[in-house]
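Accompanying notes for the structure given below.
Each ligand, and each atom within it, is numbered from 1 in the order the structure gives. Side chains included, hydrogens not; waters and symmetry mates left out as well; all remaining heavy atoms used.
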Amino acid sequence: MASTLFNASCSFPSIKVIDCKSYVGLRSNVSQVRVASLPVATSQRCSLVVRASNGHAKKLGRSDAECEAAVAAGDVPEAPPVPPKPAAPAGTPVIQPLNLNRRPRRNRASPTVRAAFQETDISPANFVYPLFIHEGEEDTPIGAMPGCYRLGWRHGLLQEVAKARAVGVNSIVLFPKVPEALKNPTGDEAYNDNGLVPRTIRLLKDKYPDLIIYTDVALDPYSSDGHDGIVREDGVIMNDETVHQLCKQAVSQARAGADVVSPSDMMDGRVGAIRAALDAEGFQNVSIMSYTAKYASSFYGPFREALDSNPRFGDKKTYQMNPANYREALIEAREDEAEGADILLVKPGLPYLDIIRLLRDKSPLPIAAYQVSGEYSMIKAGGVLKMIDEEKVMMESLMCLRRAGADIILTYFALQAATYLCNQKR
Ligand code: PBG
């Protein structure tokens with residue numbers, strides 16, 4: 001499914017002038033070779049059939065030596081003339097060319113040249129598709145995220161996954177909308193083996209065994225307080241007690257068949273604790289994608305509407321990172337690496353390209369970028385209002401996340417962008 005944004009054309013590799021002013025395109029491993037004659041005087045034309053057998057072209061007509069001798073004797077075959085210089089518009093100043101020994105535009109002069117020197121590629125294999133699920137049977141549109149729905153876990157979800165797989169997106173991450181009645185201050189529904197997420201994983205794995213399922217590990221969809229951790233009376237988010245719950249949540253997801261558990265809660269020490277809990281239950285092969293540098297960002301607004309998971313009070317600034325901080329991402333990355341994370345994630349994406357680049361340069365681990373709900377909705381809104389070209393801005397923003405160093409991208413555009421990439425392919 002690999003595909004580049006600009007595919008090189010697949011024409012015949014070489015054109016050789018053989019004889020009698022005929023241009024013959026030769027292609028190895030093809031027995032019948034195309035012969036194209038240039039319009040020349042009929043008397044001069046030799047009809048030429050070239051057959052390539054075992055890769056060797058048998059030639060007819062004059063020998064190489066005869067051709068060379070003819071040229072040496074001044075009998076030079078004709079070739080098309082050099083085209084005239086294209087005219088500049090009237091009024092163009094006549095100037096001395098600048099004396100430049102480097103003109104970078106030479107390497108951008110044509111689609112072929114640009115494709116040859118393109119440094120970054122993007123393919124549907126790089127995408128992870130975040131999907132919202134609920135207990136309902138209908139798909140409910142999410143107002144703040146045009147094109148996104150809370151999908152019925154037994155209906156709409158299966159269709160959406162099938163569509164994604166058809167264009168090469170075989171990785172998804174699940175976000176549940178949990179019934180209010182099941183939420184409590186300690187988020188215990190998070191580790192219910194028969195809860196919405198484990199049930200959905202079992203259904204998906206039954207239907208698509210090779211689908212890679214990422215899960216979110218955090219209490220917010222299950223917490224009556226809307227926080228990622230347990231909230232103490234005085235408003236403090238309790239770290240170690242929350243980690244205890246997260247371990248149970250991760251194990252429950254792994255038991256259902258999750259491939260990659262993804263702690264997005266930003267508690268200290270949760271990666272190591274989850275690794276130990278998974279291993280103790282025999283889930284050595286389940287990966288951990290850590291939300292290493294997750295910032296306390298206003299770009300998550302639409303997501304919280306989607307899941308109805310807004311914090312009931314306060315904000316998430318005691319666990320999510322300060323958007324003003326850069327070096328702090330390194331502290332988190334070192335911890336996550338030491339604790340055994342398999343993938344490091346940066347979130348949000350586009351406003352945090354410097355953090356993606358930082359982790360890419362400082363860690364050998366794969367890097368994930370999350371193009372979050374607010375980034376998605378801004379591009380959608382700009383497109384709907386005809387202020388920007390939605391498709392082009394979508395592809396450019398995804399390419400920029402790759403250029404900054406992201407291996408994989410969690411994006412609500414996964415299906416749309418992969419469809420675009422597949423249509424680019426020939
Ligand atoms: C919560 C979680 C959030 C997102 C992913 N997991 C929201 C939050 O931290 O409040 C946001 C994703 C998005 O905005 O697209 N653990």
Salt bridge Arg202-Asp206, side-chain N to carboxylate O under 4.0 Å: no

- request: Report the member of Tyr376, Tyr319, Phe175, Phe303 with the shortest heavy-atom distance to atom 13 (C) of ligand 1.
  value: Phe303

query: Does Lys294 count as lying over the ring of Tyr370, i.e. NZ or CZ under 6.0 Å from the six-ring centre, within 45 degrees of the axis?
result: no

query: Salt bridge or not for Lys362 and Glu337, using N-O below 4.0 Å?
result: no

query: So, do Phe127 and Phe413 have ring centers that fall under 6.0 Å from each other?
result: no

field: Residues Lys205 and Asp259 bridged, charged N to O under 4.0 Å
entry: yes

- prompt: Nearest protein heavy atom to atom 8 (C) of ligand 1, by residue and atom, and its distance?
  reply: Lys316 NZ, 3.3 Å

query: Can you tell me the protein heavy atom closest to atom 2 (C) of ligand 1 and the distance?
result: Lys294 NZ, 3.2 Å

message: One residue to check: Tyr412. Relative to ligand 1, which of side chain, backbone, both or neither has a non-hydrogen atom less than 4.0 Å away?
response: side chain

task: Check ligand 1 against Asp216 and write out every atom of the ligand that is under 4.0 Å from a heavy-atom position of the residue.
output: 6 (N), 16 (N)

message: In this structure, does ligand 1 have an atom that sits under 4.0 Å from one of the heavy atoms of Asp265?
response: no

query: Where is the nearest protein heavy atom to atom 1 (C) of ligand 1: which residue, which atom, and how far?
result: Asp220 OD2, 2.7 Å

query: Which of the atoms of ligand 1 are close to Asp228, meaning less than 4.0 Å from one of its heavy atoms?
result: 1 (C), 16 (N)

message: Rounded at 0.5 Å granularity, tell me how far CG in Leu359 sits from CG in Asp354.
response: 10.0 Å

- prompt: Where is the nearest protein heavy atom to atom 6 (N) of ligand 1: which residue, which atom, and how far?
  reply: Lys347 NZ, 3.3 Å

task: Please state whether Tyr370 comes within less than 4.0 angstrom of ligand 1, counting heavy atoms only.
output: yes

message: I'd like to know whether ligand 1 has Gln371 as a neighbour, heavy-atom separation below 4.0 Å.
response: no

task: Please work out which of the three classes, parallel, tilted or perpendicular, describes the rings of Phe175 and Phe303, given edges at 30° and 60°.
output: perpendicular

- line: Quick look: Ala218 vs ligand 1, heavy-atom contacts under 4.0 Å, and the answer is side chain

Residue and atom name of the nearest protein heavy atom (relative to atom 14 (O) of ligand 1), distance in Å to one decimal: Ser373 OG, 2.7 Å

field: Taking atom 16 (N) of ligand 1 as the reference point, the nearest protein heavy atom with its distance
entry: Ser264 OG, 2.7 Å

task: Quick one: closest heavy-atom pair of Ser252 and Asp193, and the distance?
output: OG-OD1, 2.7 Å

field: Ion pair check, Lys347 and Glu332, cut-off under 4.0 Å
entry: no

